[in-house]
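These notes are about the structure you will find just below.
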Amino acid sequence: MREKKEMANVIVVGAQWGDEGKGKIVDLLAEQADFIVRFQGGNNAGHTLVVNGQKHIFHLIPSGILHRDKKCVIGNGVVLDPGVLIEEIDRLDAAGFIVTPDNLAISLYSHVIMPYHRALDLAREKKKGTSAIGTTGRGIGPCYEDKAGRGGIRVHDLFDPEVLSGKVTSNLEEKNFILRNFFGEKSLDPAEIIDEYLAYGERIGRFTGNVSQLLQEADAHGLNILFEGAQGTHLDIDHGTYPYVTSSNTVAGNACCGAGIGPTRIDKVIGIVKAYTTRVGGGPFPAELRDQTGEHIRNVGGEFGATTGRPRRCGWLDMVAVNSAVRLNGLCGLAITKLDVLTGLPTLKIGISYNCRGGKLDFVPAELDALEACEPVFEEFAGWDEDLGQIRTWADLPQNTKKYLKAIEKIAGVPVTIISVGPGREATIVLRNPFLDGGRHERPAGKI
């Protein structure tokens, strides 16, 4: 049996369609964590943090890197664009956050995004035209395809010129044929790619190692590990609104596969829920607001992608989607973000179920056409005008804000444990910290 000790391993995942504000919550929880692990996705995701008034955007390195005494880890489930990683390292170094092997580790098993992955990604979207899925064009999907097809290039291949040359040359024989003859695009030069990626290997080699073994040792020594997911539950390749999804499993269970740690080592799973709902790209979105209220939320919330700058589609909070995330991830707590964005709206709505072709649904249907036909059933709540930005305790929140949060907790059946009332690290109300058992809380868990 696992020995009882003063520690915890916690997974943080998005409970909607991504962009829930995971970066800020991870940054907050990183204060109690010793290791912060990214376990899936690639640089199609972006975390934006504001610390001491300075904005930081991360695409690959866990946002815990801003804590100088932590170890950040990129797990094997991540598909790695080494050029983007090096830019991120250089940017952090320039800002005074020096990245060394003491605070960053990269799995040797991570698959590498190659130029032909990006070329194929962009060519496919171009050919689909108006039926494009809305991919970021970063090569994420094609890289995962090669991983599944057993033709991928992993980080350790970047250190062996002969192996890398053989794999790139072999892969380009197929990729160039498709680029030229199916998409009408230019071929790529294998020699240029080989030289470029061998140089990347020289830059990142000192950070690489066996992440699974590293985490096993950390767990054995009673250290706290925080696992950070990218995107959100409903972008999961299996459980999301397929095909309008990302190319990896975003749910909590993949933290084990994507980092190399056993499921018996996980203690808690926290779901990040934006106080409203947003979505980027195509795909059904039942609670979407195509009116002035949706535009207001987008502008006040700064709802533009950290990676692409694309405007996000905005809508009321959809608890059907959140409750599906509760089930799929086994959530034990909710972190509510961007609550302050709703200030000033006279009436708020929460979707509690769907009307779908004459029937009632309390889950997200698998069929795309069924989800597109769903109409949310809303409950209405009175809004508030008070500025939440300086509030740091539950007791000081406006009564209408408390009622809104109580409704979320009641519908989800999961306690609200963290409330974000602004972009800064300090603009947070922590009701229960998953790393601190027996700590001081303002209320019993699950009873707002």
Side-chain angles (χ1 to χ4, degrees), residues 38-45 59-61 74-90 101 104-127 135-212 230 237 246-248 257-258 260 307:
R38 171 83 181 273
F39 62 83
Q40 50 78 219
N43 59 299
N44 55 337
H59 299 288
L60 285 169
I61 298 176
I74 296 175
N76 59 277
V78 175
V79 287
L80 189 72
D81 187 322
V84 172
L85 175 67
I86 290 167
E87 288 177 6
E88 213 159 286
I89 291 172
D90 290 344
L104 178 65
I106 302 167
S107 174
L108 287 165
Y109 298 92
S110 295
H111 279 252
V112 179
I113 296 174
M114 306 298 291
Y116 47 79
H117 293 140
R118 294 192 295 269
L120 286 167
D121 209 357
L122 292 169
R124 286 174 180 167
E125 285 289 274
K126 179 180 175 181
K127 189 174 183 66
T135 174
T136 60
R138 301 310 201 259
I140 311 299
C143 185
Y144 276 117
E145 287 176 29
D146 276 0
K147 176 179 179 178
R150 298 177 294 279
I153 292 172
R154 303 200 295 189
V155 166
H156 61 80
D157 293 324
L158 303 183
F159 314 137
D160 189 323
E162 185 176 346
V163 170
L164 181 64
S165 177
K167 288 189 174 184
V168 170
T169 302
S170 175
N171 286 347
L172 271 183
E173 186 177 358
E174 174 191 1
K175 310 301 184 188
N176 277 339
F177 180 84
I178 296 171
L179 285 169
R180 283 194 316 267
N181 297 290
F182 186 72
F183 292 116
E185 302 290 341
K186 294 180 180 178
S187 296
L188 300 177
D189 184 349
E192 290 181 4
I193 293 174
I194 293 163
D195 289 344
E196 178 186 0
Y197 277 70
L198 286 173
Y200 288 152
E202 292 179 3
R203 280 291 309 271
I204 69 172
R206 65 194 184 110
F207 298 105
T208 61
N210 188 319
V211 160
S212 177
I237 187 69
T246 193
S247 302
S248 60
C257 296
T307 299

What heavy-atom pair brings [X] and [Y] nearest, and what distance separates the two atoms?
X      : Y      : answer
Ser107 : Gly75  : CB-C, 3.7 Å
Val155 : Thr208 : CG1-CG2, 3.6 Å
Gly151 : Asn171 : O-ND2, 3.0 Å
Val112 : Pro82  : CG1-CD, 3.7 Å
Ile204 : Leu85  : CG2-CD2, 4.0 Å

Partner residues of Asn76 under the side chain to side chain donor-acceptor pair (under 3.5 Å) criterion, sequence neighbours left out | none

With Arg206, which residues qualify under side chain to side chain donor-acceptor pair (under 3.5 Å), at least two apart?
-> none

Leu120 and Phe183, any side-chain heavy atoms less than 4.5 Å apart =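 Counting from C-beta outward, Phe183 and Leu120 do come under 4.5 Å.
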
Answer yes if the side chains of His117 and Asp146 hold a donor-acceptor pair under 3.5 Å, and no otherwise.
->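 There is such a pair between these side chains.
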
So among Asp81, Leu60, Leu104, Asn43, which one has a side chain to side chain contact (heavy atoms under 4.5 Å, CB included) with Glu88?
->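 With Glu88 as partner, Asp81, Leu60, Leu104, Asn43 yield a single side chain to side chain contact (heavy atoms under 4.5 Å, CB included), made by Leu60.
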
Show your working on side chain to side chain contact (heavy atoms under 4.5 Å, CB included) between Arg180 and Asn176 and close with a plain yes or no.
-> CA-CA 6 Å; Arg180 283 194 316 267; Asn176 277 339; 3.5 Å; yes

Are Lys167 and Asp157 close enough for a salt bridge, meaning some N to O gap below 4.0 Å?
-> yes

